[in-house]
Amino acid sequence: MDGNSAAGEGAIRAGCQCYFGYPITPQNELTEYMAANMSRRKGCAFIQAESEVAAINMVYGASLAGTRAMTSSSSPGMSLKQEGISYLAGSELPAVIVNISRGGPGLGSIAAAQSDYFQATRGGGHGDYRTIVLAPASVQEIVDHTHMAFDLADKWLMPVIVLADGMLGQMKEPVQFHHEAPEVLPIRANALRGAKGRPSRFIRTCTSNVSEVEDLNWSLFRRYQLIQKEETAFDAFEVEDAEMIVVAFGIAARMAKGAVKNARKDGLRVGLLRPVTLWPFPYDVIGELGDRVKQFLVFEMSMGQMLEDVQLALKNKAEVSFYGRPGGVIPTSSEVHRVISRLYFQKGLGRL
Amino acid sequence: MLVKIIFAGFGGQGVLSMGLNLAQAAMDEGKNVTFLPSYGVEVRGGTANCTVAISDDEIASPVASSPDYIVVMNQPSLVRFQNQLHSGGVMFYNSSLIETGITRGDISLVAVPASEMAESMGSARSANMVMLGAFTRKTNVVSLDTLIKGMMETLKSKPKLIAINKQALTAGYDLAQQKAHARNVPGSF
Amino acid sequence: MKKVFGRPRFLKKTPFHYCAGCGHSIIHRIITEVIEEMEIQERVIGIPPAGCSVFAYYYFDVDMAESAHGRGAAVATGYKRAYPEAVVFTYQGDGDLAAIGTAEVIHTANRGENITGFFVNNAVYGMTGGQMAPTTLCDQTTTTSPFGRDPRMEGYPLKISEMIAPLNGVAYIERTAVTTPAGIRKTKKAVRKAFETQIRGLGFSLVEMLSPCPVNWKMSPLESWQWVEQVMTKEYPLGVIKDATGAGNAG
């Protein structure tokens, strides 16, 4: 199954009731999958919206009504969705947004890239907010992360982004589904569904009283602190005795893992640290590794965005090098292997 | 074991379905597998290509910068992909449509008159399956049985196509077998 | 003694923040009266805009949720598709609906979404301080058309109601004015008919209400009411613009 369809099926099996999309390459198969599988599904809604802006606002409407709602896009479309994501965050409404990212800036290329890292992990729109960002590295993880995204969104009442890329969206891999689609679609408790048997309520971010807005920001901030404590996820591979650690996420982490394996075969003591959640970012674990390991290599399909988080985590405790291919150029695992080897020996590692 | 194959040809030659059928069969045999199509403007019309990776281990990258095998169905694909092939790799080419232009001396060649054979079976569009049959016999990446079963699964909504595709796969497989027996040197026919 | 006039049940006891002579408070009252009369308060959801009526939820005693500027129709669409039993209305000004939200309202209307739009047209951006709106009349002075709207430079007043009326998804559109007792009565009937259209599942319904904005028009309340009647209605004629409900004229 291709990654785009896998995100769709994963969402349906997570109880997604409403999907609103807009065509953009390379995520079209996801919108098409939802058209084929949701538009006639009992109780479900599918709309090909007039724009990404409309689609994210439809998600906001469906989330108000307490349903599990999703939209998807690729980088230029994600820029348009930022307004709606800011409102979702400020209104404390859950939603899932899948970004099958591509090369930018501007219209850029339709090939896979990782240059939406800043946009995804820094909120992306206006105001002081964050979104949880999951970065799958395989089609199977797209399924699993999409499901997880709905659960996290409901748990923390906020938008969650699944940040994949054009290659993961387009490629096919075997997948397993661990959940059946629920018979009864979940409706969030306390959703806004009419003032029946209770006083009327309103949901808003706007108020003329700045102290209320300050309170909202504080309450979000405290929630974000808890999320950092509870939801940070990463994968560590061969880091125990490593002299050099490669840090990469998503599809790049997968290439890096192959490169690390090959470097190990050459006798190089190299490991891989892969953030699975990009926000919250595993600052602590990277910081602790920095107490022992003095060489880090960050590898991204961009000019270096996660790089800044790795530098923040290490607080100058170790040297950080970077290798990146931006704009939609797909590096290869052997290319990364060569970079690792060169750096390893340049830095005088492996000599006892 | 890690094998990477690029399939390339005209849009409409069934290049993606060649790759997909092979990927399906490899998956049915319990292998790790990735299938990466070219996408965007180039699939509509022009050339199409896809990359299949098959491995016993996790697959690091679905991209093949120097594949072990390439399968080219037309002249432009030959030009575009022959130099990517790993030294010592094998290039399968559709000899019905490719007559000249092979410049590599460090690779093995397997010529398959796929279009002619398919036409003689009365189904010009099955050239891809003839080629895939020949590819399977030569490389043994998967078995013919799994390939046919996988194809039948993929085409279960179009039962009419199953018989002809099965015929084409078998014809390609048998052709490669005969030639292999004749000279017993990979890539020499 | 029989009570003949009082506060509508679903209008909260909060003093309006609107300026003297503004039409919003009248329109709020009309909508809440109809909600009470139709007994739909338990399933009504209101989507107020960014604009002067951004705080409409301080007054409407029904469930409401804020929308980003111009996106009310999309929010209402998503809500209604998720929960079709609800009665959903957007409350939008002319900047919101006819400028930044044009795409959303056209496509919502064209899909025939079963929602109701209340479109308050006062020919000016009120909340931001009286800038030119798409509905501003030719020669009308605003802070961003200080020498009067010149159609050669700024285009002509946009008649959204007439624009979307031909769309097959649209069931009912009427334009009213809230500046005379008769106009208020007509508006109330139109509001009721719009809700009924939605409940019957006939498609998109819209009531455009011409509404005075004395402060930004730099007029007294009385002058502004007269201006609606005498000037604005010439550009925006009152009456039913489309009725495909098969139920006859609401006015």
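Lettering follows sequence order; numbering is per chain, from 1.
- Under the 4.0 Å criterion applied to side-chain N and carboxylate O atoms, C/Glu66 and A/Arg204 are not assigned as salt-bridge partners.
- Looking only at distances, a side-chain donor or acceptor of A/Ser74 sits under 3.5 Å from a matching main-chain atom of A/Ile100.
- Under a 4.0 Å N-O distance rule, the pair C/Lys193/C/Glu174 does not qualify as a salt bridge.
- Using a 4.5 Å cut-off between heavy atoms, C/Ala76 makes no contact with chain A at all.
- Proximity to chain A (any heavy atom under 4.5 Å) is restricted, for C/Gln41, to the backbone atoms N, CA, C and O.
- With respect to chain C, the highest number of heavy-atom pairs below 4.5 Å among A/Leu64, A/Thr67, A/Thr207, A/Leu192 belongs to A/Leu192.
- The greatest number of non-hydrogen atom pairs below 4.5 Å with chain C, out of A/Val53, A/Ile187, A/Ile56, A/Leu185, is found for A/Val53.
- Of the two parts of C/Phe10, neither the backbone nor the side chain holds a non-hydrogen atom closer than 4.5 Å to a non-hydrogen atom of chain A.
- Using a 4.5 Å cut-off between heavy atoms, A/Ser208 touches chain C through backbone and side chain atoms alike.
- Close placement of the C/Phe89 and C/Phe118 rings is indicated, their centers lying within 6.0 Å of each other.
- Heavy atoms of A/Ser63 lying under 4.5 Å from chain C are absent altogether.
- For A/Phe46, the part sitting under 4.5 Å from any heavy atom of chain C is the backbone (N, CA, C, O) and nothing else.
- Between C/Arg200 and C/Glu196, no side-chain nitrogen of the basic residue sits less than 4.0 Å from a carboxylate oxygen of the acidic one, so the salt-bridge criterion is not met.
- For C/Lys12, the part lying near chain A is the side chain, with the backbone staying farther off; criterion is any non-hydrogen pair under 4.5 Å.
- At a threshold of 4.0 Å, the pair C/Glu36-C/Arg9 does not count as salt-bridged, since none of the basic side-chain nitrogens sits closer than that to a carboxylate oxygen.
- A donor-acceptor distance shorter than 3.5 angstrom exists from the side chain of C/Thr77 to the backbone of C/Ala73, with no hydrogens or angles considered.
- Heavy-atom distances place the backbone of C/His69, and not its side chain, under 4.5 Å from chain A.
- Contact annotation for C/Tyr57: both backbone and side-chain heavy atoms come within less than 4.5 Å of a heavy atom of chain A.
- Using a 4.5 Å cut-off between heavy atoms, A/Ala45 touches chain C through its side chain atoms alone.
- Residue contact with chain C, scored on non-hydrogen atoms closer than 4.5 Å, involves the backbone and the side chain of A/Cys206 alike.
- Using a cutoff of 4.0 Å between basic side-chain nitrogens and carboxylate oxygens, A/Arg68 and A/Asp154 are scored as salt-bridged.
- Across C/Ala82, C/Ala50, C/Gly72, the residue that shares the most heavy-atom pairs under 4.5 angstrom with chain A is C/Ala82.
- Each of A/Arg193, A/Lys196, A/Arg198 was checked for a salt bridge (Lys or Arg N to Asp or Glu O under 4.0 Å) with C/Asp63, and the lone residue meeting it is A/Arg198.
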